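To start, the structure itself, in structure tokens.
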Amino acid sequence: MHLSANEGIEGNTFAVTGALGFVGSALCLELVRRGALQVRAFDLRPASPWSDSLKIHGVNIIQGNVTSKKDVERALRGVDCVFHLAAYGLSGKEMLQVGRIDEVNINGTCHVLDACLQFGIRRLIYLSTYNVVFGGQEIVNGNEGLPYFPIDNHVDAYGRSKSIAEQLVLKTNGRPLKNGNGKCLHTCAIRSCAIYGPGEERHFPRLVLLAKLGLLPFRVGKPSVKTDWIYVDNLVLALILASMGLLDDIPGKRRGPIAAGQPYYVSDGCPVNSFEFCKPLLNSLGYDLPKFSLAVPQALVLGKFFAAFYTMLYPWLNSWWLPHPLMLPTEIYKVGVNNYFSYLKAKEELGYVPMVSPKEGMAATISYWQQRQRKSIDGPTIHVWLFCIVGMSILFCAAFLPDVGPVPLFRAISLFFFRSIRAVQMVFLIASLLHVGEGIYAWFLARKVDPANSRGWFLQTFLLGFFSLRFLLKRARS
């Protein structure tokens, strides 16, 4: 395609579903920058870290649920083009909420398609995923000619639901619009790989937290395994180029839109081992990748265990206190099995070429995370947390509680080290006083060094003592 940079954008009204997320907000801002008449950000959340920026730039935020037909119609009425990004179940414990995944990814997509046909919207771009063709088998430099992975063989509900939704979107291409005077709906799908960049919400926050807590015991798969990544600005470019590829009113153009009914793979074009890709980020934050590797079959045993265990906790999967599982089968396949694709079709038909290289993208991501780390509370690994909290609890039980339940065992353990109950009581009291004193000192020091987190430093140091205080002292010195 040879179009102007803002072809089909200037003077048009756009709706973006899932627009308060990482990619959606970046897409909305880019549409505004390119001269869109109006941009509607449709999202279930009333606010997000990007909502203030969207409001400042004139984006109209509409709160609603993509699973509600009325909400979708309210958001899409009168728009010229729709970017359907809203989805659920990409990673972590969300992947096990099968009912909600199908409701959002399949039913929500049906509502968007119905609204497009009803209101005469002529362009729909669907953000899809590599998972529509990948299900654990090796794919090297794949292309759009690969068949869909069998629906019943998908390891996770997310990949299955996205496959169904994408096929619905592409099969709706060319459907006549209601009261459209012979016009029809044009659709296409952008198949994305793992997304990264400053502010990314899915992969890196979870990875950094696990590294901080010392819960990255091993890598998965061989070092030679490669996967694709895409920087957020490159993905936004691909989505906008896809919208241009659906234009059917270009002067001198005889056949239909080149992107109509087509899927496209997009990436940075540099397949890389996922652990090696993340290594510079973790090293910049003071964390190391594990040296020990676990083969995919062995990792799958752990992944299936976590899947079964968290499935039993289904009623509480939305609870804030329940952490994400360490790994799930689909995530193991993604990092442990070769799966990367060519973006040649997107280059030839849409003109897509990555604007930001992986080196530049990772540099921007590292800068963001270093700033984020300076604003947060540093702390020890989970092993130190368990040692302090469990140790103090055992001392308290042994020193002051009657012989009920496990208390005799705790008392026996304590007497092995301290010889008498009197000594156990003195050790507990002295340790408690030290924790209180260190917590108070941490609070006063944090008011000078890190005032925004002074209360957090107090609480953490009260629980962990010097194991927490040393991080604050290190920050004070630097």
Side-chain angles (χ1 to χ4, degrees), residues 87-102 105 129-140 142 146-164 191-195 202-211 213-229 271-279 282 289-314 316-317 322-341 382:
Y88 188 80
L90 174 62
S91 62
K93 57 187 180 180
E94 292 179 359
M95 300 178 73
L96 302 173
Q97 300 187 50
V98 178
R100 187 174 180 187
I101 289 173
D102 286 350
N105 297 351
T129 170
Y130 280 16
N131 291 3
V132 300
V133 300
F134 175 72
Q137 78 285 18
E138 183 173 84
I139 299 178
V140 175
L146 290 171
Y148 286 101
F149 193 73
I151 294 295
D152 294 334
N153 293 345
H154 275 281
V155 180
D156 66 310
Y158 179 80
R160 177 182 56 80
S161 65
K162 293 291 284 186
S163 178
I164 294 172
R191 294 174 177 172
S192 174
C193 50
I195 308 164
R202 297 282 183 177
H203 308 295
F204 287 169
R206 189 171 162 202
L207 179 68
V208 170
L209 178 61
L210 290 175
L213 294 176
L215 292 175
L216 281 178
F218 49 79
R219 307 184 187 200
V220 175
K222 299 178 181 179
S224 59
V225 170
K226 294 181 179 181
T227 61
D228 277 327
W229 289 78
V272 63
N273 182 273
S274 290
F275 293 95
E276 290 300 318
F277 181 74
C278 299
K279 184 177 180 179
L282 294 180
L289 277 175
K291 297 180 180 179
F292 176 67
S293 294
L294 196 63
V296 171
Q298 285 72 43
L300 281 174
V301 174
L302 286 176
K304 291 176 181 179
F305 165 78
F306 281 111
F309 178 74
Y310 272 74
T311 298
M312 292 188 292
L313 301 176
Y314 190 88
W316 301 280
L317 288 180
L322 184 64
H324 289 288
L326 183 63
M327 62 181 70
L328 291 172
T330 299
E331 296 170 327
I332 293 170
Y333 284 132
K334 289 294 289 184
V335 300
V337 178
N338 277 311
N339 63 105
Y340 57 92
F341 297 77
I382 190 67

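From a predicted model like this one, the values you see are computed outputs, not experimental measurements. Just so you know, residue 1 is the first one in the sequence shown, and it goes up from there.
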To the closest 0.5 Å, what do you measure between [atom1] ([X]) and [atom2] ([Y])?
{"X": "L326", "Y": "L215", "atom1": "CG", "atom2": "CG", "value": "7.0 Å"}
{"X": "F292", "Y": "L216", "atom1": "CZ", "atom2": "CG", "value": "14.0 Å"}
{"X": "L328", "Y": "L302", "atom1": "CG", "atom2": "CG", "value": "11.5 Å"}
{"X": "Y333", "Y": "Q137", "atom1": "OH", "atom2": "CD", "value": "10.0 Å"}
{"X": "E331", "Y": "R206", "atom1": "CD", "atom2": "CZ", "value": "4.0 Å"}
{"X": "F277", "Y": "H203", "atom1": "CZ", "atom2": "NE2", "value": "10.0 Å"}

Is there a side-chain contact between [X] and [Y] (heavy atoms, below 4.5 Å)?
{"X": "F275", "Y": "P223", "answer": "no"}
{"X": "S293", "Y": "K222", "answer": "no"}
{"X": "C193", "Y": "F134", "answer": "no"}

TODO: Using the six-membered ring wherever Trp is involved, compare the ring planes of F305 and F309 and label them parallel, tilted or perpendicular (cut-offs 30° and 60°).
DONE: parallel
Task: Residues in ring pair (Phe, Tyr, Trp, His ring centres under 6.0 Å) contact with Y130, at least two apart in sequence or another chain - done: Y265, F341
Task: For F149, ring pair (Phe, Tyr, Trp, His ring centres under 6.0 Å) partners two or more places apart - done: H154
Residue pair [X] / [Y]: nearest heavy atoms and the distance that separates them:
{"X": "P325", "Y": "F306", "answer": "CB-CB, 4.0 Å"}
{"X": "S161", "Y": "N105", "answer": "OG-ND2, 2.9 Å"}
{"X": "K162", "Y": "A87", "answer": "NZ-CB, 3.9 Å"}
{"X": "V133", "Y": "Y148", "answer": "CG1-CA, 4.2 Å"}
{"X": "P323", "Y": "Y310", "answer": "O-OH, 2.8 Å"}
{"X": "A211", "Y": "L282", "answer": "CB-CD2, 4.0 Å"}

- [ ] Kindly determine whether S91 and Y158 satisfy side chain to side chain contact (heavy atoms under 4.5 Å, CB included), including the steps that lead there.
- [x] CA-CA 9 Å; S91 62; Y158 179 80; over 6 Å; no
- [ ] For K226, check side-chain contact (heavy atoms from CB on, under 4.5 Å) against everything at least two apart and list the hits.
- [x] P271, N338, Y340
TODO: Evaluate the side chain to side chain contact (heavy atoms under 4.5 Å, CB included) criterion for residues L96 and L317: first the C-alpha distance (whole Å), next the side-chain angles of each, then the deciding distance (0.1 Å), finally the verdict.
DONE: CA-CA 8 Å; L96 302 173; L317 288 180; 4.0 Å; yes
TODO: Tell me, please, which residues at least two apart from E138 pass salt bridge (Lys or Arg N to Asp or Glu O under 4.0 Å).
DONE: none
Open item on the list: Applying side-chain hydrogen bond (donor to acceptor under 3.5 Å, both in side chains), can you list everything that pairs with K334, at least two apart in sequence or on another chain?
Closed with: N131, N339
TODO: Report the C-alpha separation of V225 and V296 in whole Å, then their side-chain angles, then the decisive distance to 0.1 Å, and conclude whether the side chain to side chain contact (heavy atoms under 4.5 Å, CB included) test is met.
DONE: CA-CA 11 Å; V225 170; V296 171; over 6 Å; no
Open item on the list: Checking the side chain of T311 only, and the main-chain atoms of A307 only, is there a donor and an acceptor separated by less than 3.5 Å?
Closed with: yes
Task: Contact list for residues 88-102, test salt bridge (Lys or Arg N to Asp or Glu O under 4.0 Å), sequence neighbours left out - done: E94-R202, D102-R160
